[in-house]
Amino acid sequence: MNALSSPEALRLKLGEWFQKHGRQLPWRDAVSPYAVLVSEFMLQQTQVVSVIPYFKRWMTRFPTVQTLAEAPEEAVLQLWQGLGYYSRARNLHKAAKAVVDRFGGELPDDPAQLATLPGVGPYSAGAVAAFAFDKPAAAVDANIARVLARFFNIHTPIDSPGGNREIWERAAGLLPSGSGGRLHTSALMELGALVCTPKKPGCLVCPLHPDCLATDPELLPRKGARKATVRLQENAAWCVSEGRLLLEQQTGRRSGGLWKLPLLESEPEGEPPLFETVYPFTHHRITLRVYPSQAPAAPKDFQRWFALESVLSEAALPAGHRRALLALISKHTPAAS
DNA sequence: AATTCGGGGTC
DNA sequence: GACCCAGAATT
């Protein structure tokens with residue numbers, strides 16, 4: 001029976017592997033703690049390739065925590081549009097204001113302090129401490145959870161409280177002392193992204209393979225049952241008058257600030273929709289149908305007219321509604337130029 | 001402890 | 001279709 005390598009030996013293997021195989025990512029080298037914070041917000045539940053263009057645009061438009069703190073929320077949401085989970089954008093905006101107000105414009109390096117910022121939970125607090133300040137802070141994302149569930153052969157569902165606690169304890173047990181959190185956490189995460197993948201993991205090229213306890217890695221990590229997909233239908237109005245389009249703004253914490261085509265109470269009969277698309281969110285699947293509509297005598301408080309030629313660059317819309325605008329504006333003004 | 005978030009890519 | 005993703009907030 002071969003003895004397990006020490007945490008030191010494991011970190012060394014991981015670090016060497018990362019130096020050789022790790023990707024260059026826009027937020028990975030020589031960037032400010034603020035840039036790390038931005039990247040962590042964008043990467044919550046979102047894949048690296050989707051984030052890269054948004055991150056670059058964001059850092060150009062809001063290069064410092066001060067510029068973000070001073071920006072109007074509409075500009076923040078507009079820049080986030082298409083990335084989904086818009087409460088992240090609102091929380092990032094609030095977090096920037098909190099950094100300016102409570103921390104003198106400098107991000108703290110302590111995970112407990114970081115976790116007091118809106119939108120910063122256990123993962124993001126540890127990630128900023130490790131990536132921005134090289135602290136030995138645990139930060140378990142989906143990649144690291146998968147790597148550790150396999151490495152330690154943990155069969156408890158990772159999305160259960162007990163399984164989550166077990167994974168975090170294992171992650172903490174592997175940390176270096178003093179400093180070195182940046183390389184260690186980056187390497188573990190990158191291993192999950194490139195080698196220890198959900199399907200067909202590359203065990204034969206994995207630097208941790210000699211010590212890995214997984215007997216059937218493809219069956220790990222285990223997760224709880226998903227909710228069944230719910231189908232919904234949304235009927236919306238295409239209401240254009242004098243070159244302007246009527247939209248209405250959503251309220252509440254869920255999709256507050258986002259603009260939609262005005263929603264109809266019921267599905268019109270006797271005429272086909274101008275446009276139809278399907279867009280998903282969480283466990284829902286929504287069919288959006290857009291019907292022609294007459295202009296109202298007076299828009300409601302939460303409705304506003306947008307110029308057709310600029311609405312796509314001014315208003316933040318859910319993806320399905322944005323697709324409808326793209327299709328119908330070009331149809332509406334085919335030779336406008 | 002369970003639910004919600006209004007994207008998007010992949011197979 | 002189902003599954004996955006650099007999760008957090010809310011109830």
Side-chain angles (χ1 to χ4, degrees), chain A residues 23 25-28 36-55 77 80-92 94-95 114-128 130-132 138-147 157-165 168 171 185-194 197-200 218 221 223-232 234 236 250 252-261 263 277-288 316-323:
Chain A
R23 293 167 293 182
L25 297 175
W27 48 86
R28 194 160 262 174
V36 173
L37 184 75
V38 171
S39 74
E40 291 307 333
F41 267 85
M42 290 186 170
L43 287 160
Q44 288 167 10
Q45 289 298 105
T46 308
Q47 296 183 345
V48 167
V49 289
S50 305
V51 167
I52 289 174
Y54 283 89
F55 177 80
L77 280 172
W80 198 274
Q81 111 132 6
L83 201 52
Y85 294 100
Y86 295 88
S87 64
R88 294 182 298 172
R90 291 190 295 275
N91 279 335
L92 177 55
K94 289 182 198 162
L114 286 163
T116 66
L117 297 171
V120 177
Y123 163 76
S124 299
V128 172
F131 296 146
V140 178
D141 73 320
N143 288 308
I144 293 184
R146 184 172 58 253
V147 171
I158 59 164
D159 50 4
S160 70
N164 183 260
R165 184 166 56 247
W168 276 82
T185 302
S186 301
L188 208 49
M189 203 172 279
E190 195 78 335
L191 189 71
L194 300 183
T197 46
K199 292 169 186 172
K200 298 184 179 179
E218 287 215 53
K223 294 182 180 177
R226 284 172 182 273
K227 293 199 66 173
T229 300
V230 177
R231 288 170 180 74
L232 298 174
E234 208 169 53
Q250 307 302 296
R253 64 177 178 80
R254 283 210 288 272
S255 49
L258 286 182
W259 293 88
K260 279 184 175 180
L261 291 162
L263 298 181
T277 189
V278 174
Y279 67 101
F281 77 97
T282 57
H283 63 282
H284 297 80
R285 180 180 167 81
I286 298 181
T287 302
L288 168 65
L317 305 142
H321 287 254
R322 187 172 183 78
R323 280 198 295 275

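Given the structure is predicted, the values throughout are model-derived calculations rather than measurements. Here is the naming used below: chain letters follow the sequence lines, and residue numbers restart at 1 for every chain.
- When heavy atoms are screened at a 4.0 angstrom cut-off, A/A127 is found touching no nucleic acid atom at all.
- A/R285 comes within 4.0 angstrom of sugar-phosphate atoms only, judged by non-hydrogen atoms across all strands, and of no base.
- Taking atom NZ of residue A/K199 and atom P of nucleotide C/dC3, one finds them 9 Å apart after rounding to whole Å.
- Straight-line distance from the CZ atom of A/F41 to the P atom of C/dA6: 17 Å, rounded to whole Å.
- Using a 4.0 Å heavy-atom criterion, one finds that A/G82 contacts the sugar-phosphate atoms exclusively.
- Going from atom CZ of A/F281 over to atom P of B/dG8 covers 14 Å, rounded to whole Å.
- Where DNA chain C pairs in unbroken runs of 3 or more (Watson-Crick or G-U, both distances under 3.5 Å), the stems are B:1-5 with C:7-11, B:7-11 with C:1-5.
- Rounded to a whole angstrom, the distance from the P atom of C/dA6 to that of B/dC11 is 15 Å.
- Between B/dA1, C/dA8, B/dG7, one nucleotide has an atom nearer to the side chain of A/Y123 than all others, and that is C/dA8.
- Within the 4.0 Å cut-off from OP1 or OP2 of C/dG1, at least one side-chain nitrogen or oxygen of A/R231 is found.
- The side chain of A/K223 approaches C/dC4 more closely than any other nucleotide in the set C/dC4, C/dA8, B/dG7.
- Base contact: A/V48 has a heavy atom under 4.0 Å from a base atom.
- Side-chain atoms of A/Y54 come within 3.5 Å of backbone N or O of A/Q81 as a donor-acceptor pair.
- Between atom CD1 of residue A/I144 and atom CG of residue A/D141 there is a gap of 5.0 Å, rounded to the nearest 0.5 Å.
- Side-chain atoms of A/S39 come within 3.5 Å of backbone atoms of A/V36 as a donor-acceptor pair (strictly under, hydrogens ignored).
- Using a distance-only test at 3.5 Å, with no hydrogens or angles considered, a donor-acceptor pair links the side chain of A/T46 to the main chain of A/Q44.
- Within the 3.5 Å criterion, the main-chain N or O of A/V278 finds a donor-acceptor partner in the side chain of A/R323.
- Following rounding to the nearest Å, A/K94 (NZ) and C/dT10 (C1') show an atom-to-atom distance of 12 Å.
- Residue-level contact check: A/Q81 touches neither bases nor backbone, having no heavy atom under 4.0 Å from any strand.
- Of the candidate nucleotides C/dA6, C/dA2, B/dG7, B/dG7 has the atom nearest to the side chain of A/Y86.
- Rounding to the nearest 0.5 Å places CG of A/L37 at 10.5 Å from CE of A/M42.
- A donor-acceptor pair is defined here as one N or O able to donate and one able to accept, closer than 3.5 Å; such a pair exists between the side chain of A/R88 and the backbone of A/F41.
- Checking the phosphate oxygens (OP1, OP2) of C/dA9, no side-chain nitrogen or oxygen of A/R88 falls inside 4.0 Å.
- Here the side chain of A/P161 is nearest to one of B/dA1, C/dA8, C/dA6, namely B/dA1.
- As rounded to whole Å, 10 Å separates atom P of C/dG7 from atom CD1 of A/I158.
- A/H321 comes within 4.0 angstrom of no nucleic acid atom, judged by non-hydrogen atoms across all strands.
- Nearer the 5' end of DNA chain C, as judged by each residue's closest nucleotide, is the contact made by A/E40, out of A/E40 and A/P118.
- Regarding contacts with the backbone of C/dA2, a side-chain N or O of A/T229 is found under 4.0 angstrom from either OP1 or OP2.
- Here the straight-line distance linking atom CG of A/L194 with atom CG of A/N143 works out to 8.5 Å at 0.5 Å rounding.
- Across the protein-nucleic acid pair, A/Q47 atom CD and B/dT10 atom P stand 8 Å apart, rounded to whole Å.
- Taking only side-chain nitrogens and oxygens, A/S124 comes nearer than 4.0 Å to OP1 or OP2 of C/dA8.
- Note on A/W80: nothing from the nucleic acid sits closer than 4.0 angstrom, heavy atoms only.
- Distance A/N91 CG to C/dG7 P: 15 Å, rounded to the nearest Å.
- Proximity of a side-chain donor or acceptor of A/R285 to a complementary backbone N or O of A/T229 within less than 3.5 Å is not detected.
- Of the listed nucleotides (B/dG7, C/dA8, C/dA6), B/dG7 has the atom at the smallest distance from the side chain of A/Y85.
- One can place CD of A/Q45 at 13 Å from P of C/dA9, the figure rounded to the nearest angstrom.
- Closest to the A/S50 side chain, of the nucleotides C/dG7, B/dG9, C/dC4, is B/dG9.
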